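Inspection log for the structure reproduced underneath, given as structure tokens.
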Amino acid sequence: MSGSLDVSNRQVNGVDVVFIRGRMDAHSSTEAGATINGLIEGGSRRIVVNLSGLEYISSSGLRILLSALKQLKKEDGALKLACLQPSVREVFAMAGFDRIFLLYDDEESAVNSFA
Amino acid sequence: MKRYTLQVPADLPNLEIIADFIASSLDQNGIDDRVAYDIRLAVDEICSNIMLYGYRGSKGAIDIDCTVGDQYVQLEIADEGVPFNPLTLPDPDIDADLDHRKIGGLGIFFVKTVMDELEYKFRGGRNVLTMKKRVNAPPSGH
């Protein structure tokens, strides 16, 4: 749909890991949202989003992640984020999202935190 | 002082064209990456708002005027959508917990946070937002 964002996902030890690369703006974020919502609708309750390839996020990207987090909490699941680049982490901090999301420095720690 | 202009249809896929335009205008003038990121964020948030809400489904354009001076980068963003003064929007409660967290208003809050000066005018049937960011000052406090 958009050339500026790639989304893929795989399973590691029963945890769905979503990899988002590129930029999450008001256009491209919808693709990432569709993937995450698809997983939740398919029954996934343990999701890690690896953001190591994400170079830019706007409030639209945050909206997608917040909505997934709220949805999973309702279903007794959890969404955790790994590998935020410094510029993306600053946007999280500006929004106060660093206090409502669990952030991990690497994907393995995020996945293992579900064990 | 250098000036760069861009006019694009107010369609969401054009956000990437706008981001590239801002990045290259700032890069050509050696603007620091961190400052450039803040400016890209502010322009992206304003243009997203215009695309999503300003034209309410009708076709229209966004005009962006980027002036890079010694002390300031100034952006003027104009559209002919419904009159909307983003400076009147209340700030979101960024300390709210997850259950009480609302996403509305976050984009404009980012704009107010990262830019140093904002001015809104409704002029000749157009919304015109002028934003300034200091480029030779210490980083702003966020």
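Proteins come first, then strands; the chains are lettered A, B, ... in the order of their sequence lines, and each starts at number 1. Predicted model only: the values in this text are computed from it and were never measured.
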- Does any heavy atom of chain A fall under 4.5 Å from the side chain of B:F109, the backbone, both, or neither of them?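 The side chain, not the backbone.
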- Relative to chain A, which segment of B:D99 carries a heavy atom at a distance below 4.5 Å: side chain, backbone, both, or neither?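 For B:D99, heavy atoms of backbone and side chain both lie under 4.5 Å from chain A.
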- Message: Once salt bridge (charged side-chain N to carboxylate O under 4.0 Å, His left out) is applied, what residue pairs with a partner in residues 100-113 of chain A remain, sequence neighbours excluded?
- Response: A:R10-A:E107, A:R89-A:D105
- Item | salt bridge (charged side-chain N to carboxylate O under 4.0 Å, His left out): pairs with one or both residues in residues 55-71 of chain A, sequence neighbours excluded |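 Qualifying pairs: A:E55-B:R40.
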- Query: Once you round to the nearest 0.5 Å, how far does CZ of B:R101 lie from CG of A:L69?
  - Reply: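 Answer rounded to 0.5 Å: 11.0 Å.
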- Query: So how far is it from A:H27 NE2 to B:L15 CG, rounded to the nearest 0.5 Å?
  - Reply: 8.0 Å
Check the hydrophobic clustering (I, L, V, M, F, W, Y; side-chain heavy atoms under 4.5 Å; chains of links allowed) and say if [X] and [Y] are grouped together.
{"X": "A:L84", "Y": "A:F19", "answer": "no"}
{"X": "B:V8", "Y": "B:V128", "answer": "no"}
{"X": "B:I46", "Y": "B:I17", "answer": "yes"}
{"X": "B:V73", "Y": "B:L118", "answer": "yes"}
{"X": "B:Y120", "Y": "B:V43", "answer": "yes"}

- Task: Go through A:A95, A:A26, A:S67 and name the one with the most non-hydrogen pairs under 4.5 angstrom from chain B.
- Result: A:A95
Which pair of non-hydrogen atoms, one from [X] and one from [Y], has the smallest distance, and what is that distance?
{"X": "A:S59", "Y": "B:G107", "value": "OG-CA, 3.5 Å"}
{"X": "A:S58", "Y": "B:L41", "value": "CA-CD1, 3.9 Å"}
{"X": "A:V91", "Y": "B:Y37", "value": "CG2-CE2, 3.7 Å"}

- Message: Please classify the contact of A:F101 with chain B as side chain, backbone, both or neither, using a heavy-atom distance under 4.5 Å.
- Response: neither
- Task: Write out, in numerical order, the residues from residues 40-51 of chain A with a heavy atom short of 4.5 Å from a heavy atom in chain B.
- Result: none
- List the steps, then state whether side-chain contact (heavy atoms from CB on, under 4.5 Å) holds for B:R34 with A:E90. CA-CA 10 Å; B:R34 190 196 151 106; A:E90 276 185 34; 3.1 Å; yes
- Item | Per-residue contacts, residues 82-98 of chain B versus chain A, heavy atoms under 4.5 Å | B:I94, B:D95, B:A96, B:D97, B:L98
- Query: With side chains defined as the heavy atoms from C-beta onward, is the minimum distance between B:E16 and A:R23 less than 4.5 Å?
  - Reply: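 Yes, close enough: below the 4.5 Å cut-off.
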- Neighbour count >12 (heavy atoms, 6.0 Å) for atom CZ, B:R3: no
- Report, as yes or no, whether the 6.0 Å neighbourhood of atom CZ on A:R21 holds more than 12 heavy atoms from other residues, nucleotides or ligands. no
